[in-house]
Each structure stands twice: as structure tokens, then as C-alpha cells.
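Letters A, B, ... mirror the listed sequences (proteins, then strands); counts begin at 1.
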Protein chains: 2
Amino acid sequence: MATMVDVARLAGVSISTVSHVLNGTRNVEPGTRDRVLAAIEQTSYRQDALARAMRRSQTDSLGLVLSDVGEPAFAEMMHGVQESAYADGMTLLVANSDETAERELRAVRTLLERRVDGIVLARVADSSDEVLDELSRAGVPVVLMDRLAGLPIDQVGTENRSSMRELVDHLVGLGHRRIVAVVGDTRVSPLRERLEGFRDAVRSTGLAEEDQTVLLSSSKSENLSDRLSAVLTEHRPTALIACSTHLAAGALGVVRRLGLSIPSDLAFATFDGFPYPELFEPHITTVRQPGFDVGAAAVRLLISRIGGSAGDPSTVRLSPTIEYRASTGPRVPQPSEKTSTAQPMQTS
Amino acid sequence: MATMVDVARLAGVSISTVSHVLNGTRNVEPGTRDRVLAAIEQTSYRQDALARAMRRSQTDSLGLVLSDVGEPAFAEMMHGVQESAYADGMTLLVANSDETAERELRAVRTLLERRVDGIVLARVADSSDEVLDELSRAGVPVVLMDRLAGLPIDQVGTENRSSMRELVDHLVGLGHRRIVAVVGDTRVSPLRERLEGFRDAVRSTGLAEEDQTVLLSSSKSENLSDRLSAVLTEHRPTALIACSTHLAAGALGVVRRLGLSIPSDLAFATFDGFPYPELFEPHITTVRQPGFDVGAAAVRLLISRIGGSAGDPSTVRLSPTIEYRASTGPRVPQPSEKTSTAQPMQTS
DNA sequence: CTGAAAGCGCTTACAG
DNA sequence: CTGAAAGCGCTTACAG
């Protein structure tokens with residue numbers, strides 16, 4: 001690989017001049033400039049981003065820490081992060097925390113060692129305090145994404161609480177009085193906020209608290225299926241709300257195993273939802289977060305901080321859209337109305 | 001941030017010794033070593049990966065170029081790449097080609113400027129020759145992933161041709177004689193290979209060629225829906241094979257719009273398929289590629305090349321699994337058999 | 001308008 | 001067992 005020295009020699013100039021031609025950082029006489037350009041061409045010279053970064057102590061790169069790209073919501077956010085970073089000429093380093101605190105800490109350290117200019121971080125449920133400590137000690141700007149905190153730190157996520165309220169209001173408006181919310185791990189902020197919204201709605205709509213069920217879990221591996229199965233058979237709710245794609249997948253499995261029809265036996269709604277939602281029957285009522293925009297906004301905020309923008313930490317919340325679909329039916333399921341039977345192999 | 005000089009001063013040694021303690025590259029007297037370690041602790045010293053990389057001309061990082069993380073198959077491959085890279089202590093730089101040749105070339109150049117030790121590349125349909133040229137000129141090891149080529153270059157992908165043959169054989173065994181294959185853009189190697197498998201199977205099973213339909217497209221944006229709609233209504237195939245998730249999504253939309261039932265009006269099978277496939281009705285017969293393993297294998301091969309392993313370029317093909325499900329029915333659809341009507345809102 | 005030189009933070013022969 | 005010094009490939013005051 002050719003270096004600046006090669007180019008300079010060939011053009012008969014100093015490396016200063018080559019550098020300035022390359023970066024447009026000072027005027028160069030047209031003739032000189034042309035010779036340099038020709039020499040660059042001839043040697044197939046390519047700038048070494050490493051050496052440049054080292055000298056400038058700025059790498060033009062951003063780190064992204066996610067628990068799993070496979071999760072559709074995160075894939076969308078990553079896409080937004082990617083595009084926004086690209087638009088600003090930043091390269092993206094991606095690390096996987098695999099939803100464990102230890103790997104998250106290692107991931108952040110690796111990114112720090114690589115001197116990324118900033119980090120977008122979707123924290124794991126039991127994130128270690130050391131993560132934010134090291135980040136602030138290193139003085140590297142951070143923006144939390146999706147998994148937010150009650151801390152003075154920049155963060156971008158979705159509005160959860162009032163969306164849940166709206167969803168529950170809708171169900172109550174349809175006549176539902178017994179709802180089960182599959183919430184999962186409330187250490188994960190969006191799940192916690194959705195739970196709060198659920199409780200808000202129960203209170204404000206005057207639903208009997210004892211008729212509502214909330215299913216929590218305290219670890220990633222904990223299986224809610226058996227408990228949900230018991231709730232559905234014994235408690236007989238008429239509506240179910242899953243608070244994430246993953247929880248919805250598990251819940252749908254249980255519903256199917258019990259032979260319940262949606263929405264005639266049970267109304268079904270979920271947050272986040274599935275890719276290609278329009279293709280499957282029944283269409284599932286979904287609170288869909290603007291994942292791409294969340295990722296893009298996180299990078300914009302991060303880049304403004306990198307650029308030196310001062311001011312208090314800001315929390316940005318983007319609004320999800322609620323897609324009301326057939327799975328929450330027009331009518332409340334009534335035992336007496338069970339006229340239709342499951343038709344597992346039909347689709348329209 | 002503390003540097004080696006700070007650590008050395010505090011420990012009363014030279015930076016050589018600090019470096020050797022850090023990297024375990026030579027014996028250091030225990031007492032000296034302890035002083036160094038203590039100084040590292042006290043200064044919160046962290047190695048600068050940039051300076052290290054520059055000196056060693058090795059960055060311990062890998063580049064990944066994908067067209068879109070949103071595509072489930074690519075998300076899985078990325079996960080495999082990520083985990084395999086992590087296991088080998090490599091950091092991952094991810095660039096998005098957005099399925100356009102120009103962005104792909106820019107992505108590769110950016111990764112090259114950042115001196116990645118190797119690149120995993122899922123090429124765009126109309127990839128520029130310059131991409132592979134620059135890569136070989138730079139002497140950076142590359143492994144093509146998923147989108148393979150008839151070139152002397154390392155590559156890892158899925159076996160496509162014989163899987164398609166097996167799928168068609170299965171359909172023929174069920175009595176199907178009129179099949180439509182939604183193939184898409186044959187510049188994309190897996191799609192091309194699936195088409196070849198389809199033609200192989202038509203020949204070997206003795207199907208009448210004029211009764212089979214192949215739908216091709218030559219650009220990403222081209223909409224196959226109208227043509228598929230015409231084929232389904234005029235040509236009346238009894239089975240449909242979609243060659244990718246994206247094509248399956250489009251095809252399912254058309255099928256639904258025409259009010260056809262699966263599998264009673266039309267058997268439906270797809271390559272790649274949807275996430276959470278077990279949750280929707282009807283279950284779709286799917287040729288599922290081992291995305292994670294493809295990604296992981298690509299990185300393993302890449303790392304062995306980085307490590308200096310010689311030998312001819314190798315092509316690794318992993319086998320997909322064919323999941324036969326309800327969507328290809330047990331029986332061939334017959335007009336006279338249309339006893340069931342669509343039940344759009346039912347699920348079991 | 002241009003160049004010589006310092007320095008970013010490391011690794012690694014070389015010498016003792 | 002340890003240190004002084006060169007050098008990786010750039011950028012950027014400083015000087016002319």
C-alpha cells in the first residue's frame with residue numbers, strides 16, 4: 001500500500017502538501033495540486049483512517065451495543081442507526097451484549113479501546129453500574145436507546161405508557177372486563193412502562209383490579225407459558241396483551257395449544273409485533289414502535305453531543321402507532337357466542 | 001486518559017516493560033510486574049487499540065457488508081458472524097450496501113481505509129467488478145457470504161439447487177403438475193441456483209415444461225405482483241414456490257387478494273421463510289437455510305486465511321432443512337374439492 | 001504558497 | 001531481566 005510519503009516523492013512535494021490537498025485544509029497552487037492528485041491516482045493511494053484517527057484523536061466511528069439483532073425491533077433500530085451514521089460519514093462498530101451484563105461491559109470496553117467517538121447503548125436488563133461509570137469516566141458521549149433510565153443522560157426511545165392506556169381503553173370500549181397482560185421482565189424499561197400504563201388504565205377505566213392479571217418474569221430464561229396457560233384456563237380473561245414480540249410468540253403458542261380462537265375466544269394484542277404483519281390470519285392488533293426513527297434519532301443526538309452541543313441531557317420519546325386489527329375483533333368474546341371452530345389450515 | 005507513559009512513570013519502569021507486562025510478551029520479574037499492574041490499576045489505564053493496531057498493522061477487526069439487516073436471513077447470518085468474530089476476539093464493523101452497487105463499493109473502501117483484517121461480503125445483485133479488484137489489490141482476505149460467485153475466491157453459502165429439486169419432487173409426489181416458481185432477480189446467486197434446481201426437477205420428473213411458470217425480475221423495484229396475479233388466474237397452477245422471504249411476502253399478498261385458500265386452492269412453499277414460523281396459519285412449507293451457521297463458518301474461514309492458511313479458495317455449502325408443513329397440504333388442490341371457504345379470522 | 005518537524009500511543013528488534 | 005529508540009502513517013502548529 002502506498003503512503004503519503006510515496007505520493008509526496010512522486011509529486012515532488014512535502015507530505016504536508018499532500019495532506020492539505022487531501023483534506024482541503026489550505027490553499028495549494030493549482031499546478032502543485034494537480035501533480036499531487038496525479039500522484040495519488042498513479043499510486044492508488046488510500047488514506048489510512050487509523051493513522052489519521054490517531055493523530056486527530058477522533059475516529060469518525062460510532063459504537064452500537066445491542067442484545068440481539070435477531071429481535072425484529074432491534075434490527076429496525078440498527079437499520080436507523082446505520083443509515084444515520086452513514087449519512088454523517090461515521091462508521092459503525094457493532095457489539096452484541098447477548099442480554100448479559102458481563103458481555104455488555106466487555107462490549108463497551110472494547111468499543112472504548114477502539115476510541116469510538118460515541119456509543120449508542122440498548123442496555124441489558126441487569127446492566128452493571130460500571131458500564132455507565134466507565135463511559136462517563138472515558139468522557140465518551142452516550143445515548144441510551146430503547147432501554148431508558150431515570151438518569152441524567154441522553155436517551156431516545158418510544159412512548160409506552162400512554163400507548164398502553166390507549167390500547168386498554170380501546171379494549172374496554174369493546175366491552176372487555178377481564179384482561180391478562182403478559183409483561184415479562186420489568187427491569188427492561190419499555191416493559192416496565194407498559195405495565196405502568198396498564199395499571200393507569202385499569203384505574204382510570206374503573207376495571208375491577210382483581211379481574212386483571214399481570215404476568216411478570218425476572219429472568220430471560222423464565223418460561224411464562226405454564227403460568228399463562230393456567231391463567232387462560234382458570235381465570236378466563238377475554239383479552240390478552242403481550243408486551244413484546246417475544247412474549248407474543250410465546251403467548252400465541254399457548255393460545256394455540258389450548259385450542260382458543262382469536263378473537264372469538266380471546267382478543268389478542270401485542271406491542272412491537274411481527275415482520276410482514278399483514279400476511280397472517282388473524283391480523284394482530286399491534287402497538288408498533290418507530291424503530292428506524294428511534295435509531296436514527298439516537299445517532300443524531302449522539303452526533304450533536306460529539307460536536308460539542310452542551311445543555312442538559314435530553315430524553316426523546318417517539319410515538320408508536322396503534323394498528324387495530326381483526327385479532328381484537330369488533331366484539332367481546334362470549335362463551336355463548338362460540339359458534340366458530342378452529343380452522344387451522346385455512347387462510348383467505 | 002492515562003497512557004503507557006503515565007503507567008511507566010508511576011511504576012518506575014520503561015514503557016517497554018509496561019507493554020510486555022500488558023501483552024505477556026516477555027518475562028518480567030514478579031516484583032516489577034506487580035508494580036506495573038498496580039500502576040495500571042491506579043491510573044485506570046486502558047490500552048489504545050488504535051495505536052496498537054497501527055504499530056502492529058493488524059486491527060483485530062472484521063468488516064461485514066450486508067444489503068439489509070432487516071431481511072431475516074441476513075439478520076441471522078449477521079448474528080453468526082458476530083458471535084464467531086467475538087469468539088476470536090475480533091471487533092465487527094458493519095456497513096450497509098443497501099443493495100446498490102455504488103454504496104457497496106463505498107462500504108468496502110471505508111472498511112479498507114479502516115484497515116480491517118478481513119471482510120465478509122454479501123454482494124449486491126449488480127456488484128461492481130471494482131469491489132473484488134480493490135479487495136485483492138489491498139491484499140485483504142475476503143469471504144463471500146450467501147451471494148456466491150463462480151470465481152476463485154473463498155465463499156460460504158447454502159446449498160440451493162438440490163433442495164429445490166427435493167421440494168419439487170415432493171410436490172410432484174403429491175400430484176402437482178402445474179407449478180409457478182417466483183424466482184425474482186437471477187443475478188442473485190441463491191435465486192439463480194434455485195431456478196436451476198427448478199429446471200432440473202422439471203426435466204427429471206417429466207413435468208410438461210409448458211405447464212410450469214417462472215417469474216423473474218431484473219430490478220429490485222420491479223413489482224411481480226401483477227404478473228403473479230395474472231398467472232394465478234389464467235394459468236391456474238396448483239402449487240407456488242417463492243424463492244425468498246421477500247418474494248413469499250409479495251406472493252402471499254396476491255394469493256390473499258385473489259381469495260385463494262392455502263392449501264386447498266393452492267399449495268404454497270417458500271425458501272428462507274418467516275421468523276416465528278410456527279405461529280401462523282397455515283404453517284408454511286419452508287426451505288430454511290442455516291443462517292447463523294453460514295455466518296459463523298464464513299468468519300472461521302476468513303480467520304484461517306488471516307492466520308495465513310494457504311491453499312486453493314474453498315466453497316463451503318451448508319445444507320438447508322426442508323420443513324414440510326400444512327401449506328403444501330397432503331392433497332393436490334382440485335377445483336371439485338373446494339369444500340372449504342376462507343375463514344380469515346380463525347386461528348387454532 | 002510550501003516544508004521540516006513534532007507527536008498521536010503504541011510494539012519490537014537491538015543492546016546490554 | 002530491562003531500557004532507549006525507531007517507526008507505524010498521518011495532522012498541524014510553526015517558520016519562512
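Relative to the side chain of S16(A), the nucleotides dC10(D), dT12(D), dC10(C) differ in distance, and dT12(D) lies closest. Comparing atom distances between the I15(B) side chain and each of dT11(C), dA5(C), dT11(D) picks out dT11(C) as nearest. For Q47(A), the side-chain atoms get nearest to dC10(D) when compared with the rest of dT11(C), dG9(C), dC10(D). Checking dG9(C), dC10(D), dT11(C) against the side-chain heavy atoms of R55(B) singles out dT11(C) as nearest. For A51(B), the side-chain atoms get nearest to dG9(C) when compared with the rest of dC1(C), dC10(D), dG9(C). Proximity note for V28(B) (side chain, C-beta onward) versus dT2(D), dC10(D), dT12(D): the nearest is dT2(D). For S14(A), counting side-chain heavy atoms from C-beta on, the closest listed nucleotide (dG3(D), dA4(C), dC10(C)) is dA4(C). Listed nucleotides dC1(D), dT11(C), dG7(C) differ in distance to N27(B); the shortest reach to its side chain belongs to dC1(D). Picking from dC10(C), dT11(D), dA4(D) the nucleotide with the shortest atom distance to the side chain of Y45(B) gives dC10(C).
Rounded to an integer number of Å, the gap from CE of M4(B) to C1' of dT2(D) is 15 Å. The distance from atom CZ of R9(B) to atom P of dG9(C) is 12 Å, rounded to the nearest whole Å. Rounded to a whole Å, the CD atom of E113(B) is 20 Å from the P atom of dC8(D). Rounding to whole angstrom units, CZ of residue R114(A) and C1' of dG9(C) are separated by 15 Å. Atom CG of D48(B) is separated from atom C1' of dG7(C) by 14 Å (rounded to the nearest Å). As a whole-Å value, the separation of L22(A) CG from dG9(D) P is 15 Å. Nucleotide dT11(C) holds its P atom 11 Å from the CG atom of D60(B), rounded to whole Å. Put simply, NE2 on H20(A) is 11 Å from C1' on dG3(C), counting in whole angstrom units.
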Begin with the C-alpha distance, continue with both residues' side-chain angles, and end with the deciding distance and a verdict on salt bridge (charged side-chain N to carboxylate O under 4.0 Å, His left out) for E102(A) and R106(A). CA-CA 6 Å; E102(A) 186 208 349; R106(A) 283 210 293 238; 3.0 Å; yes
One pair to check against side-chain hydrogen bond (donor to acceptor under 3.5 Å, both in side chains): S97(B) and E104(B). What are the steps and the verdict? CA-CA 4 Å; S97(B) 66; E104(B) 178 180 69; 4.9 Å; no
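In this structure, dA4(D) makes no Watson-Crick or G-U wobble pair, since no nucleotide meets both defining distances under 3.5 angstrom. Shown here, dA13(D) forms no base pair; nothing in the strands shown gives a Watson-Crick or G-U wobble contact with both key distances under 3.5 Å.
Side-chain atoms of D117(A) come within 3.5 Å of backbone atoms of D60(A) as a donor-acceptor pair (strictly under, hydrogens ignored). The backbone N or O of T3(A) sits less than 3.5 Å from a side-chain atom of D6(A), completing a donor-acceptor pair. One N or O on the side chain of S136(A) and one on the backbone of D133(A) form a donor-acceptor pair closer than 3.5 Å.
Across all strands, R46(B) comes closer than 4.0 Å only to sugar-phosphate atoms, never to a base (heavy-atom distances). L50(B) comes within 4.0 angstrom of nothing in the nucleic acid, heavy atoms only. Using a 4.0 Å heavy-atom criterion, one finds that T25(B) contacts no nucleic acid atom at all. Heavy atoms of V5(A) sit nowhere under 4.0 angstrom from any nucleic acid atom. Across all strands, T17(A) comes closer than 4.0 Å only to sugar-phosphate atoms, never to a base (heavy-atom distances).
Geometrically, R103(B) engages Y86(A) in a cation-pi contact, judged by NZ or CZ lying under 6.0 Å from the ring centre and within 45° of the ring axis.
The side chain of S19(A) places an N or O atom within less than 4.0 Å of a non-bridging phosphate oxygen (OP1 or OP2) of dT11(D).
Heavy-atom minimum distance, M145(B) versus G295(B): SD-CA, 3.8 Å.
Below the 3.5 angstrom threshold, one finds a donor paired with an acceptor across the side chain of R26(B) and the base of dT2(D).
Mapped onto DNA chain D by nearest heavy atom, R56(B) and V18(A) fall at different nucleotides, with R56(B) at the one closer to the 5' end.
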